[in-house]
Amino acid sequence: MKAIAINRYGGPDVVEYTELPDPKVGPDSVLVRTRAVGVNPVDWKIREGHLDGILDVHFPLVMGFDLAGVVQAVGGAVTEFRPGDEVIGYVRKDVIEHGTYAELVAAPVRTLARKPAALSWAEAGGLPTAGLTAQQALVNALHLRRGESVLIHAAAGGVGSIAVQIAGALGARVIGTAGPHNHTYLRGLGVEPVEYGQGLAERVRALAPDGVDAVLDLVGGEALDVSTALAKDPTRIASAVDYRVTEFGGHYIWTRPDPEDLAAVARLAEDGLLTVPVASTFPLGQAASAQALNAEGRTRGKIVLLVD
């Protein structure tokens with residue numbers, strides 16, 4: 001099969017479009033022929049070695065966690081899927097080696113859900129990591145409820161664009177930070193946008209004088225610091241990027257494979273309550289360029305690799 005792999009940590013120059021053996025399919029896994037793969041910041045952070053202290057990594061390493069594709073074969077113990085099923089997955093395993101930037105992926109059933117028919121392959125490929133991160137933060141950690149207010153930092157980004165829609169589907173009032181060029185886009189998603197930078201707290205207070213019920217931080221640093229003054233209860237702050245959130249009782253989100261959470265997000269898409277904004281698509285062989293664009297941190301929505 002064709003795959004994107006690295007043999008050492010480094011910049012885009014270590015990325016290789018190469019031929020590798022087809023993956024083995026275990027008893028509780030399925031073989032997926034990949035159609036689309038979401039590109040996420042964690043992909044290039046792993047490539048550069050930033051997560052070496054917490055993840056077991058084996059080389060050659062096929063990158064990527066997201067996928068959308070078609071089941072080709074199933075393991076002997078699998079009853080959840082059969083060949084021909086269209087699926088999405090957040091295929092993160094205990095050892096980082098056999099990722100999803102490949103034509104074929106052996107995916108444990110615990111990482112998969114059925115693909116929403118309402119989404120294109122590109123949209124479906126961009127959903128798993130972003131959708132799970134938002135679901136596990138807003139629903140599982142923050143227990144966001146109808147009528148509450150939530151502040152979402154980086155609301156126009158890959159995760160933010162999904163998170164604001166999940167919050168809206170829950171019936172929450174959504175305030176989102178973003179650059180001015182993204183404010184019209186956010187209003188179209190039902191968000192009350194506010195600009196980043198100095199004076200952020202005052203701008204949020206102008207919309208919510210008593211503060212907000214919950215915060216989802218996708219930026220870290222100063223954004224997290226400001227959030228502690230804006231949240232009515234600091235324990236209802238979740239961050240997917242800054243572990244310091246735990247120092248005042250908040251929640252650090254490390255996205256976990258969970259078929260029920262992934263299916264819940266897929267249902268929102270199927271019901272027309274969630275769309276996946278796709279900013280750019282690249283062929284699989286141009287994964288290095290896609291990661292470079294993602295690393296700029298300025299993309300509205302998702303960057304997706306298409307596998308032909």
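Only this structure's heavy atoms are used, side chains among them; waters, hydrogens and symmetry mates stay out. Index from 1, following the sequence. Keep in mind it's a predicted model, so treat the numbers as computed, not measured.
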query: Under the side-chain contact (heavy atoms from CB on, under 4.5 Å) criterion, do Val174 and Ile152 qualify, and how do the steps go?
result: CA-CA 7 Å; Val174 185; Ile152 298 178; 4.0 Å; yes

Partner set under ring pair (Phe, Tyr, Trp, His ring centres under 6.0 Å) for Tyr252, not counting sequence neighbours: Tyr243

If you round to the nearest 0.5 Å, how far is [atom2] of [Y] from [atom1] of [X]?
{"X": "Leu268", "Y": "Gln165", "atom1": "CG", "atom2": "CD", "answer": "9.0 Å"}
{"X": "Leu305", "Y": "Leu67", "atom1": "CG", "atom2": "CG", "answer": "12.0 Å"}
{"X": "Leu51", "Y": "Tyr9", "atom1": "CG", "atom2": "OH", "answer": "8.0 Å"}
{"X": "Ile4", "Y": "Glu103", "atom1": "CD1", "atom2": "CD", "answer": "10.0 Å"}
{"X": "Lys45", "Y": "Met63", "atom1": "NZ", "atom2": "CE", "answer": "15.0 Å"}
{"X": "Asp43", "Y": "Ile6", "atom1": "CG", "atom2": "CD1", "answer": "10.5 Å"}

Please check: side-chain N/O of [X] versus main-chain N/O of [Y], any donor-acceptor pairing under 3.5 Å?
{"X": "Asp242", "Y": "Arg244", "result": "yes"}
{"X": "Arg300", "Y": "Tyr185", "result": "no"}
{"X": "His251", "Y": "Thr235", "result": "yes"}

Inspect the contact between [Y] and [X] and indicate whether a charged nitrogen and a carboxylate oxygen are less than 4.0 angstrom apart.
{"X": "Asp85", "Y": "Arg114", "answer": "yes"}
{"X": "Glu148", "Y": "Arg236", "answer": "yes"}
{"X": "Arg173", "Y": "Asp213", "answer": "no"}
{"X": "Lys2", "Y": "Glu19", "answer": "yes"}

- request: Run the numbers on Arg92 and Trp254 for side-chain contact (heavy atoms from CB on, under 4.5 Å), then give the verdict.
  value: CA-CA 11 Å; Arg92 180 170 64 79; Trp254 176 255; 3.4 Å; yes

- prompt: What closest approach, in Å, do Leu61 and Ile96 show between heavy atoms, and which atom pair accounts for it?
  reply: CD1-O, 3.7 Å

- prompt: Closest approach of Leu132 and Arg256, non-hydrogen atoms and distance?
  reply: CD1-O, 3.7 Å

Name every donor-acceptor pair, under 3.5 Å, that has one atom in a side chain of residues 278-293 and the other anywhere in the protein, sequence neighbours excluded.
{"from": "Gln291", "atom 1": "OE1", "to": "Arg47", "atom 2": "NH1", "distance (Å)": "2.6"}
{"from": "Gln291", "atom 1": "NE2", "to": "Tyr101", "atom 2": "OH", "distance (Å)": "3.3"}

